[in-house]
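Here the structure comes first, spelled out in structure tokens, and everything after it is commentary.
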Number of protein chains: 2
Amino acid sequence: MTQNETLVYQLLCDADRPLSAYNILDALRDKGIRAPLQVYRALAKLVERGAVHRIESVNGFVACQLHDCGGSEVSIFMLCNQCERANEFTDTSIDSRLQSLGNDRGFQAAHKVIEITGLCADCQTAQTTVQKH
Amino acid sequence: MTQNETLVYQLLCDADRPLSAYNILDALRDKGIRAPLQVYRALAKLVERGAVHRIESVNGFVACQLHDCGGSEVSIFMLCNQCERANEFTDTSIDSRLQSLGNDRGFQAAHKVIEITGLCADCQTAQTTVQKH
DNA sequence: TCAGTGATGTTATAATATAACATGACTGTT
DNA sequence: AACAGTCATGTTATATTATAACATCACTGA
């Protein structure tokens with residue numbers, strides 16, 4: 001792993017939510033990262049390698065939370081709109097169903113995105129506690 | 001439907017691929033649309049109403065291809081990287097599996113995104129025809 | 001007549017992503 | 001040692017996507 005990739009990867013591992021490229025840029029300015037391209041290049045490599053996932057719904061990036069993505073080709077992300085935390089899962093049943101949907105239509109899949117946005121359990125209880133008066 | 005919404009919706013219905021907001025803006029300049037916000041506002045309403053879907057993977061928008069999204073909460077899109085066409089499907093098995101994944105974790109889902117990018121059947125055969133020599 | 005609401009229009013700007021070009025560090029060869 | 005090749009790096013400029021802030025207009029119901 002190159003210098004810049006290491007910096008970006010470490011930052012993402014320490015973060016508890018997806019970071020945007022510019023979040024990363026700002027956080028790493030004093031480590032020598034000065035331009036967006038330095039971040040985007042590192043991210044591209046990390047994503048290609050599967051160490052980092054891009055979250056399309058929020059234009060952000062997270063470190064992979066599963067060992068080798070659990071051997072699954074598809075990660076499922078649950079994204080809390082409030083605390084912004086991202087949780088990664090895999091599911092063999094969805095995997096195979098998606099697989100056959102593609103096969104049925106002769107579609108050669110390169111990348112799959114499954115993202116669910118909403119409120120995580122913690123943030124729901126936090127909300128009901130502070131309910132309207 | 002308001003004037004601007006109608007313009008945007010018609011354009012999307014006629015398009016054979018997802019259009020970006022700025023694609024739409026350019027296409028509708030001579031119909032009186034002059035600023036990005038006019039497009040984004042129309043899109044927001046159309047998406048809210050379910051008439052149009054946002055495709056996160058390509059920052060684009062497509063008219064819904066299913067009658068009332070087939071009654072499903074989740075649409076599955078297959079996006080060809082070459083011809084750029086988007087095909088919309090639903091699948092009850094994935095629906096319910098995703099549902100229970102959320103339930104298991106007490107996650108209150110607001111929106112779900114499933115997008116598969118790759119090569120559609122047509123573009124695969126087109127590629128093998130022009131294969132390397 | 002007037003307040004309220006929602007669509008509209010306009011300018012400016014924020015946030016996200018890439019193009020184009022120059023340099024530097026390292027490798028393996030001749 | 002000199003050189004070509006490759007890949008990471010750095011830098012400036014620019015493209016693309018999205019929203020903020022403010023002003024106006026048209027319609028509705030009291």
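Order of the sequence lines fixes the chain letters, A, B, ..., with proteins taken first and strands second; residue numbering starts at 1 for each chain.
- Here the C1' atom of nucleotide D:dT9 and the NZ atom of A:K31 are 19 Å apart, to the nearest Å.
- The residue among B:Y22 and A:A21 whose nearest nucleotide of DNA chain C lies closer to the 5′ end is B:Y22.
- Here the side chain of A:T2 is nearest to one of C:dT11, D:dA8, D:dT11, namely D:dA8.
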Audit row: B:N23, B:S20, side chain to side chain donor-acceptor pair (under 3.5 Å) steps and yes/no: CA-CA 5 Å; B:N23 289 159; B:S20 77; 3.3 Å; yes

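- Close to D:dC7, at under 4.0 Å from its OP1 or OP2, lies no side-chain N or O of A:K45.
- B:R105 approaches A:M78 most closely through the heavy-atom pair CD-CE, 4.1 Å.
- Under the 4.5 Å side-chain criterion, counting only non-hydrogen atoms from C-beta, B:I94 is not in contact with B:V74.
- The distance between atom CD of A:E56 and atom P of D:dT17, rounded to the nearest whole Å, is 13 Å.
- For the pair A:L46 CG and D:dA8 P, the computed distance is 12 Å after rounding to whole Å.
- A residue-by-residue look at B:N23 and A:I33 shows that A:I33 has its nearest nucleotide of DNA chain D further toward the 5' end.
- Between D:dT9 and A:Q38, no contact under 4.0 Å exists linking OP1 or OP2 to a side-chain N or O.
- In this structure, A:Q3 atom CD and D:dG10 atom C1' are separated by 14 Å, rounded to whole Å.
- Taking atom CG on B:D26 and atom P on D:dT17, their separation rounds to 10 Å, with Å as the unit.
- Comparing D:dA20, D:dT11, D:dT17 against the side chain of A:L37 picks out D:dT11 as the nearest.
- Atom OH of A:Y40 and atom C1' of D:dT11 are 17 Å apart (whole Å).
- With rounding to whole Å, A:L28 atom CG is found 16 Å from D:dG10 atom C1'.
- Here the nucleotide nearest the side chain of B:N4, chosen from C:dT11, D:dT17, C:dT8, is C:dT8.
- For the atom pair B:C83 SG and B:R17 CZ, the distance stands at 10.5 Å (nearest 0.5 Å).
- When all heavy atoms of A:F61 and A:V52 are compared, the closest pair comes out as CB-CG1, 4.0 Å.
- Nucleic acid contact class of B:R34 (heavy atoms, under 4.0 Å, all strands): sugar-phosphate only.
- Looking at A:R41, its side chain comes within 3.5 Å of the base of D:dG10 through a donor and an acceptor atom.
- Computed from coordinates, the B:L25 CG to C:dT10 C1' distance equals 13 Å when rounded to whole Å.
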